[in-house]
*Asks:* 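First the structure, which I've put down as C-alpha cells, then a few questions once you've had a look.
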Amino acid sequence: MKTFYTLLLTFWAVVTYGRDGNAHLMEQLKNTLANKGYFDHQKEKRILLLQQRVRECQPQNLQKQYGLYSQLFEEYRSYQYDSAYVYTQKLIKLSLAMKDVPKLYDSKIKLGIILISSGMFKETLDCLNEVDPKALSRNSKLCYYRLKCSYYVYLANYNNDKYYSKGYREIAQKYLDTAILLTERDSFEQLMYKAELPDKPGQQTPNYKYYELLLYHHKLTAHQTAMIASALGDYNQGEKRMELLLIAAINDIRSSTKETNAIFKVGCELYKSKKVKDAYLFIQEALNNAEFYGSRLHKIEISSVLADIAANKILLAENEKNKFLVYLLSSLTAIVIISSISFIVFVQLKRLRVKEVIIADKNKQLEKNNLRLAEDARIKEVYIGYFFNVYAEYIIKLEKLKRNVERKIKSEKYGDVLKLLGNVDIKKERDDLFRTFDRVFLLMFPDFVTLFNALLRPEDQIWPKKDEVLNPHLRIFALLRLGISDNATIAKILEYTVNTIYTYKIRIKSKAIVGPDEFINRIMGIQVVDNTSAASPDGQAH
C-alpha cells in the first residue's frame, strides 16, 4: 500500500505538472520539505523496531542477527553513513564468526557501497580487491559488478581528463555489461542499467528511453522514483529537466534519502534562473543532508556553490534593503508632503468653518434686524397713520373753536367765549387719546396682555378692567415694546413723573417669574401680527 501510495503521488505530480507547470511542483516540494520531520520519524520508527528485534534475538542465532543487521544496513544505506558503516562492520564480524566466505564478501561489497558514496574511492577499491566474484551469489555478483562500474564512472568524473577519463569509462561499460547479464529480464535493475548504455555502438548519449519506461510505466518505490527521475533529468533541458528534478527531490524527502543530489541540482537550476532565495533554501538543505549523511565529497561540492549563492543572497538582500530604503524615504517624503497639504487644507477648512459660522451668525443677526426693521416700519406706518388722523381731527376741532371764539369776540359776547372754552374737556381728550393708542397697539399686538401676564405669577398678574383697553402699567410696557425705553419720554406721554415710571417698571420686573433682563427680552420678543389693515383705530372697517 505504501508503494502504491507513493506511485499514486508521483503519477499525480507528473500529471499535475503538465497542467499547472513547475510552480505547483515547486510548492509541493516546499510543503514536503516543511514536513520532512514526519518522514524521518517513520524511518526512525522502522530502525528502532529492527534494533529492538536485534536486542531480543538469541546471541547464538548468528544467521538471524546477520539478516537483521542487513536490514538495518539497508535502512541506513542512504540515510546515515556512520551508522551504515557500523552495521557493515557488524556484518563482517558475524561473517567471520560464522566462517561464511560468501557473506563476508557480501559484507565487503556493502562496505564498498557506502565508502564510494562518501567519496572514499581508494578504500572502495581496496574492499573490492578483497572480494572473489566467483564465490558470490547471483545477487551479490550483480552488486559487485555494479559497484565496479560506479567506481570507474566516479573516477572518470573526478579526473575529467580526455586521456584517462575515456579509458575509465570504457572499463565502467564492460562491468555494466556484465551486470546486465546477471539481471532478470525486464527487471528494474536491467532497465536502469540499460538506460546507462549508448543506444548504438560509438554513441556517447545513453539510451534514456529506459528511464522513461521505468518512470511512467512501472510501479516504483519513492526511492526508486527519485533515482530514475534524477537520472532522467540529467538528459533533459529547461522546464522538463526542472520537472524531473523536482519529482526526484520530493520523493527523496518522502523516502528519507539523505545521500542524494536531486535537491542540490534543483538549487543549481534555480540559481541559474536568478531565483537566489529558493536556490539558497534548497542548496542549504542539500548541505544539511550531506552533513547528516556524512558525505565528505558532497559537502565540499555543495559548500563551494553555497558560498557563491550566499554571497549573491547577501547582495540581493542589500539591493532589497536599498530598494526598501528608497521606497521608505519616498513614502516618508510623500507622507510629509501629504501631511503638510492636509494640515494646510485642515487649517483653511477650519478658518472657512469659522468664517461660515460668523457669516451664519451675521445672517441670523441680519435676519433678526430685518424682521425688527420690518416690524418697526410697520409700527411706524400704523402709528403715523393713526396720529395723522388724530391730528386732522384736532385741527378741525381747533378750527371750529377758533371761528366760534372769533365770532363771539367780534360780537363782544365774552361770556359765550368762556362757555365755549369750558366745553373743552382736556381729561376726556387725553383718555380718548390713550384709548385710541391702546386699540391701535392691540391691533398690532393682540396677544400682548396674555403674553405679558404669562411672565408674572398668577397673584401678580395685571389685567385691564372692563371699561379699559390697557391700564397705565400695561401702557408703560406697551410703549417699551414700541421702542420707547427712555423713562422721561414715557413720563411725558403718560403725564407721570419719571420716578413713578421707574417705580412701576422696577415693581413689575421684580414680580416676574424670570430675571429682569429676560423679562424685558420676552416683552421685546412679542411679535407684531399684521392684521392692522383690516380695521381702523376706532374699530370700524375701512
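Keep in mind that the numbers below use all heavy atoms, side chains included, and drop hydrogens, waters and symmetry copies. Computed from a predicted structure; not experimentally measured.
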*Asks:* Out of curiosity, T257 OG1 to R77 CZ, how far, rounded to the nearest 0.5 Å?
*Replies:* 10.5 Å
*Asks:* Tell me the closest heavy-atom pair linking Q51 and L72, and the distance in Å.
*Replies:*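 Looking at all heavy atoms of both residues, the shortest contact is CG-CD2, 4.0 Å.
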*Asks:* Looking at F73, Y81, Y69, which hits ring pair (Phe, Tyr, Trp, His ring centres under 6.0 Å) with Y87?
*Replies:* Y69
*Asks:* List for me each residue that meets side-chain contact (heavy atoms from CB on, under 4.5 Å) alongside P516, sequence neighbours excluded, and say none if there are none.
*Replies:*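 Result, side-chain contact (heavy atoms from CB on, under 4.5 Å) vs P516: K509.
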*Asks:* Do E239 and N22 get their side chains close enough for a donor-acceptor pair, meaning under 3.5 Å?
*Replies:* yes
*Asks:* Taking side chain as C-beta onward, heavy atoms only, is Y79 less than 4.5 Å from Y76?
*Replies:*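 Yes; the side chains approach each other to less than 4.5 Å.
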*Asks:* Please tell me if the side chains of Q42 and S256 come closer than 4.5 Å, counting only heavy atoms from C-beta onward.
*Replies:*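 In short, these two side chains do not touch, never coming nearer than 4.5 Å.
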*Asks:* Using 30° and 60° as the class limits, which term best fits the ring planes of Y168 and Y152: parallel, tilted or perpendicular?
*Replies:* tilted
*Asks:* Any side-chain hydrogen bond (donor to acceptor under 3.5 Å, both in side chains) pairs touching residues 180-191, not counting sequence neighbours?
*Replies:*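 Output for this query lists T183-Q190.
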*Asks:* If we ignore angles and hydrogens, is there a donor and acceptor under 3.5 Å between the side chains of N157 and R169?
*Replies:*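 Judged by distance alone, the side chains do pair up.
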*Asks:* By the definition side chain to side chain contact (heavy atoms under 4.5 Å, CB included), identify the one residue from I180, L176, D177 that meets it with C149.
*Replies:* L176
*Asks:* With the threshold set at 4.0 Å, does a side-chain nitrogen-carboxylate oxygen contact exist between K258 and D252?
*Replies:*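 Between D252 and K258 there is no salt bridge, as every charged N stays at least 4.0 Å from the carboxylate O atoms.
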*Asks:* If you measure from CD on E212 to NZ on K209, what distance do you get to the nearest 0.5 Å?
*Replies:* 10.0 Å
*Asks:* Taking all non-hydrogen atoms of both residues, which atom of V514 and which atom of E518 are closest, and how far apart?
*Replies:*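 Heavy atoms only, the tightest pair is CB-CG, 3.8 Å.
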*Asks:* Would you compute the distance between atom CG of L245 and atom CG of L232 and round it to the nearest 0.5 angstrom?
*Replies:* 9.5 Å
*Asks:* Mind checking ring pair (Phe, Tyr, Trp, His ring centres under 6.0 Å) for Y210 and listing every partner two or more places apart, or none if nothing turns up?
*Replies:* none
*Asks:* Quick one: are R46 and L49 in side-chain contact, heavy atoms under 4.5 Å?
*Replies:* no
*Asks:* Any donor-acceptor pair under 3.5 Å linking the side-chain atoms of Y293 with those of S117?
*Replies:* yes
*Asks:* Identify which one of R241, K240, K275 satisfies the salt bridge (Lys or Arg N to Asp or Glu O under 4.0 Å) criterion when paired with E269.
*Replies:*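 Running salt bridge (Lys or Arg N to Asp or Glu O under 4.0 Å) over R241, K240, K275 with E269 returns exactly one hit, R241.
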*Asks:* Mind checking the CG-CG spacing from L125 to N129? Nearest 0.5 Å is all I need.
*Replies:*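 So the gap between those two atoms works out to 4.5 Å.
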*Asks:* What side-chain hydrogen bond (donor to acceptor under 3.5 Å, both in side chains) pairs are there with at least one residue in residues 55-65, not counting sequence neighbours?
*Replies:* Q52-R55, Q52-E56
*Asks:* Just so I know, are the side chains of N35 and I253 near enough to count as touching, which here means a heavy-atom distance under 4.5 Å?
*Replies:* no
*Asks:* Please tabulate, one pair per line, all N/O donor-acceptor pairs under 3.5 Å involving side-chain atoms of residues 97-116, not counting sequence neighbours.
*Replies:*
{"residue": "D100", "atom": "OD1", "partner": "K103", "partner atom": "N", "Å": "3.3"}
{"residue": "D100", "atom": "OD2", "partner": "K103", "partner atom": "NZ", "Å": "3.4"}
{"residue": "D106", "atom": "OD1", "partner": "S140", "partner atom": "OG", "Å": "2.9"}
{"residue": "D106", "atom": "OD2", "partner": "K110", "partner atom": "NZ", "Å": "2.5"}
{"residue": "S107", "atom": "OG", "partner": "Y66", "partner atom": "OH", "Å": "3.2"}
{"residue": "S107", "atom": "OG", "partner": "S95", "partner atom": "OG", "Å": "3.4"}
{"residue": "S107", "atom": "OG", "partner": "K103", "partner atom": "O", "Å": "2.8"}
{"residue": "K108", "atom": "NZ", "partner": "E130", "partner atom": "OE1", "Å": "2.7"}

*Asks:* How far does NZ of K174 sit from OG1 of T178, to the nearest 0.5 angstrom?
*Replies:* 10.0 Å
*Asks:* Ignoring hydrogens, what is the shortest heavy-atom contact between C268 and I283? Give both atom names and the distance.
*Replies:*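 Nearest pair, atom of C268 first, then I283: N-CD1, 3.9 Å.
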*Asks:* Please determine if K30 and E285 form a salt bridge, counting it only when a charged side-chain N lies under 4.0 Å from a carboxylate O.
*Replies:* no
*Asks:* Output all residues satisfying ring pair (Phe, Tyr, Trp, His ring centres under 6.0 Å) with F282, sequence neighbours left out; order by chain, then residue number.
*Replies:*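 F282 satisfies ring pair (Phe, Tyr, Trp, His ring centres under 6.0 Å) with no other residue.
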*Asks:* Which atoms form the tightest heavy-atom contact between A249 and L29, and what is the distance?
*Replies:*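 Closest approach of A249 to L29: CB-CD1, 3.8 Å.
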